[in-house]
Amino acid sequence: MTEQDLEGLNPEQREAVLHTEGPLLVLAGAGSGKTRVLTTRIAWLIGSLGIAPEGILAVTFTNKAAGEMRERVEKMCGDAAAGVWLATFHSICVRILRRDISHLGYARGFSIYDEADSLGVVKEALRRHDIDPKAEDPRRLRWRIDQWKNAGVLPHQAEASAGDFEERRAAALYATYQKLLAEAGALDFNDLLLLTVQLFERFPDVLGWYRRRFQYVMVDEYQDTNRVQYRLIHQLASEHRNLCVVGDPDQSIYAWRGADIRNILDFERDYPDATVVKLERNYRSTSPILEGASGVVAHNVARRARGLYTEREGGAPIRLFEAQDDREEAQFVVREIVSAVREQGRRYGDFAIFYRTNAQSRVFEEQLLEYDVPYVVVGGVRFYDRAEVKDALAYLRLLRQPADSAALRRIVNKPARGIGKTTVEAAEREAESQGVPLLEGLKRFADSEAGARVAPKVARFVELLERLTREIGSASPSEAIARVLDQTGYLVDLEREGGPEAEARLENLRELVAAAQDFERANAEIRDEERSLLDLFLDQVALVSDLDEYDRRDEVVSLMTAHSAKGLEYPVVYLSGMEEGVFPHAGALRDDAGLEEERRLCYVGMTRAMEKLTISFAQQRLRFGSRTFGMPSRFLDEIPPAVVERVRPRFSHVPPPARTRSAPPGERAYDYSYAQESHAEGIVAPGLRVRHPRLGNGVIVKVLGNGPSQKIDVRFEHAGLKRLVLRFANLELG
DNA sequence: TCTGTAGGCGTTTTT
DNA sequence: CGCCTACAGA
């Protein structure tokens, strides 16, 4: 920590750094240097005020953000940074629970369930209630349970407040789901937070230890916290009250995941003595970019007006490109990147392509491959989500926690060893009736008369598990993985299979071993007498996303969703797919709140750009394998015309796009009169809610054909399933 | 029990 | 379009 670190700050930033005592709310606009404020603040506490690093807690949402902050703090105050608790909500909770969860009656060796595991538990809960998965969509139920958990509602509370039959049933399933998790010695993602809060509520002594310890608490991206996180933070900070939260209401994009804007409003209510600092100077974007983005978000009604201004006057206007279809859109972007690299000395790492949904990455990938442009898709399918990687990890989980039934179900017949579906179902019934974990149920079934046929196979499997348990007892993570893959015959099986697909899977497994070795190197000095390095490795892989590992120092073009883009910045940004129904997404248009969140998301995407921002949309696009027609996003109308310029491909060998729906772009610099018409006919896609003047409300289930004779199937709430000719149906968005 | 295939269904966004 | 599930046949 040097004087320079402080002097480089503007007055507001400095105030936020120096105001260390008492509650502080920092409203930090996009690109206003909030990470810098947070890291300097930590360095100031340690370096100048002499606070013990162990007394500081800093919470972020992504491991990446935590890692970046740690790096910067280290630069300012060296090794002392290691003592700071600087991590994501989830990893902090894991740390606390691994220490103290036994108070709640859980074993400390609990497994952490990912989404797929937890969906499996939901399905099992449905089976136990004899409910057909068709009658109650497991995914929807899971979502519902998540919502309850985000709000901090426990099963008995959900049951108590349930109104109709359906809700009572869902609440009962929630209770069963929780019971199954407990039996499996497992916690889902939300449990990590929820159980920590419960632990603190029910055991004030435990909380006392932590709240005395953390003299200073800081929270990044505060606008994205949910109610449980809110409670957690306030539990921890209420002793010393030195709580600093940093957020931007305009960048709140996780309401769908339970983020609650009340958390910002309540902050001022709960801490009437709070100091509020506003960071409104943007250091990132040029003025047209910032003006354009601000123009969009200013259309939100439920918003406190605020001013954000840039230091970077001038700069190129925002460019707008209309493509005939998604392929042309992608080709345009990729050709631009190629020529900017060739002719303007840009680097691939300067570019990012954003889209609303992961599925949209595909067209871009095709074009990038076509033009030999190196790229990375950030997010999407995680490395640790690949089937073979999950299999290997499931073995490890099962060995550490034999009750982990999701892990068992996953690998019980991988590679094939003759323990199939029928056997597992029988084991499940056994486990249910005896109230024992699935593995125990499997053993008991094998011992019974009915299970005589599979008994030898089960015995061999059990023996394998016992042997592995012995062998990996003190093994390092990479050794443990290697042994599992070897002893189970998994590797031999893949090698025998051969072919490019098997080869790719083998490669992924080699990568997994390498990742484990990296982990060992990075944590070589850690000595935790309670938990082995393998346990710590399993925790880490459960909690990291690809985004965390993503490193832009690789010189490649980055592709990601607008959500993933938050917190990042690029010299040149392409924001694609700006069509009604895509962005804003059709599924988010249910209510004003949904639309406003889409608008903030658009704002987030736009404000990632430092120098150049190009926005594009396509007249038609392939969705679900069929062609759909789109209208320009309403957000385009909201960008102040003065900062926008329409562009055409400037590549001579590209034939000019045939225009069918609108005048040639050159003739209208900025004109979306047709975008003002009803949005209902713009894009039709399954899942979209519509209203028919006579038939009432319904949901589109299928789109047939295209053009003027395009028909749709709509399931109406009262009138049932109807097939309508779109052009004559006179539908409104419902 | 395993393998192949036909049909159905889905996409928001993610720690 | 591509993934997953259900089902039929060996």
Side-chain angles (χ1 to χ4, degrees), chain A residues 59-66 87-94 112 114-116 119 123 133-134 137-140 143 146 149-150 188-193 220-221 224-226 228-229 252-259 326 354-363 366 378-382 385 387 413-425 453-454 457 542-548 560-567 577 581-590 594 597-598 600-602 604-605 621-628 685-688 699-703 713:
Chain A
V59 196
T60 64
F61 273 81
T62 64
N63 294 295
K64 182 182 169 58
T88 63
F89 273 104
H90 295 270
S91 46
I92 281 166
C93 288
V94 168
I112 300 171
D114 68 11
E115 210 167 313
L119 191 64
K123 286 177 183 166
K134 275 170 208 131
D137 181 10
R139 302 167 60 97
R140 229 170 103 177
W143 184 81
D146 257 354
K149 290 192 174 186
N150 284 331
D188 71 14
F189 253 38
N190 274 329
D191 281 343
L192 297 175
L193 305 173
D220 191 18
E221 306 282 13
D224 289 330
T225 51
N226 64 31
V228 175
Q229 288 161 335
S252 162
I253 55 175
Y254 285 110
W256 56 272
R257 193 171 90 184
D326 46 351
F354 300 156
Y355 34 76
R356 179 62 180 79
T357 63
N358 281 306
Q360 289 165 255
S361 72
R362 213 190 144 116
V363 222
E366 283 165 9
V378 181
V381 182
R382 290 177 26 192
D385 279 344
N413 204 28
K414 262 177 227 163
R417 52 173 70 91
I419 306 177
K421 207 169 128 195
T422 334
T423 308
V424 173
E425 273 167 14
R453 214 162 54 99
V454 290
K457 294 167 183 167
L543 298 177
V544 299
S545 68
D546 274 5
L547 181 61
D548 301 326
M560 68 189 84
T561 64
H563 281 89
S564 296
K566 194 168 70 157
V582 178
F583 203 162
H585 196 275
L589 295 175
R590 213 154 305 188
E597 179 148 310
E598 293 290 301
R600 289 191 295 271
L601 183 59
C602 179
V604 167
R621 152 180 320 275
L622 284 174
R623 281 180 109 190
F624 301 116
S626 62
R627 199 175 301 291
T628 54
L688 196 65
V699 178
I700 297 180
V701 289
K702 198 167 188 174
V703 180
D713 286 347

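Labels below follow one simple rule: chain letters A, B, ... track the order of the sequence lines, proteins then strands, and each chain is numbered from 1.
Nearest nucleotide to the side chain of A/A416, out of B/dT15, B/dC2, C/dC1: B/dC2. Each of B/dT1, C/dC1, B/dC2 was ranked by its minimum atom distance to the side chain of A/N413; first place goes to B/dC2. If you check B/dT15, C/dC1, B/dT11 against the side chain of A/H90, the one that comes closest is B/dT15. Among B/dT15, B/dT11, B/dT1, the nucleotide with an atom closest to any side-chain atom of A/V454 is B/dT1.
Note on A/T88: every side-chain N or O is 4.0 Å or more away from OP1 and OP2 of B/dT15. Side-chain N/O atoms of A/R362 include one lying less than 4.0 angstrom from OP1 or OP2 on C/dG2. The side chain of A/T62 places no N or O atom within less than 4.0 Å of a non-bridging phosphate oxygen (OP1 or OP2) of B/dT14. Between A/N358 and B/dT14, a side-chain N or O to OP1/OP2 separation shorter than 4.0 Å is present. Under 4.0 angstrom from either OP1 or OP2 of C/dT5 there lies at least one side-chain N or O belonging to A/K123. For the pair A/S564 and B/dT14, the criterion of a side-chain N or O lying under 4.0 Å from OP1 or OP2 is met. In this structure, A/T561 reaches the B/dT14 phosphate: one of its side-chain N or O atoms is under 4.0 Å from OP1 or OP2.
In this entry the distance linking NZ of A/K566 with P of B/dT15 reads 11 Å, nearest Å. At whole-Å resolution of the value, CG in A/D385 and P in B/dT14 are 12 Å apart. Rounded to whole Å, atom C1' of B/dT11 lies 8 Å from atom CZ of A/R623. Separating the CZ atom of A/R139 from the P atom of C/dC3 is a distance of 14 Å, rounded to the nearest angstrom. The CZ-P distance, from A/R257 to B/dT13, rounds to 13 Å in whole Å. If you measure from atom CD1 of A/I253 to atom P of B/dT14, you get 9 Å, rounded to the nearest angstrom. Rounded to whole Å, the distance from CD on A/E115 to C1' on C/dC4 is 16 Å. For A/L622 and C/dG2, the CG to C1' distance is 13 Å, given to the nearest whole Å.
Mapping A/H585 and A/R453 onto DNA chain B by nearest heavy atom places A/R453 at the nucleotide closer to the 5' end. Of the two residues near DNA chain B, A/R417 and A/E598, the one whose nearest nucleotide lies more 5' is A/R417.
Nucleic acid contact class of A/F61 (heavy atoms, under 4.0 Å, all strands): sugar-phosphate only. Looking at heavy-atom distances under 4.0 Å, A/F89 makes no contact with the nucleic acid at all. A/D224 comes within 4.0 angstrom of nothing in the nucleic acid, heavy atoms only.
B/dT13 has its base stacked against the ring of A/W256, the centroids being under 5.5 angstrom apart at an interplanar angle below 30°.
A/V59 is not listed as a side-chain neighbour of A/T225, based on a closest heavy-atom distance of 4.5 Å or more. Here the side chains of A/F61 and A/Q229 are in contact, with some heavy-atom distance below 4.5 Å. Put simply, the side chain of A/I253 reaches to within 4.5 Å of the side chain of A/V604, judged on heavy atoms. Looking at A/N358 and A/T561, their side chains come closer than 4.5 Å, going by heavy atoms from C-beta outward. Looking at A/N150 and A/N190, their side chains come closer than 4.5 Å, going by heavy atoms from C-beta outward.
Using cut-offs of 30° and 60° for the angle between ring planes, the A/Y254 and A/H563 rings count as tilted.
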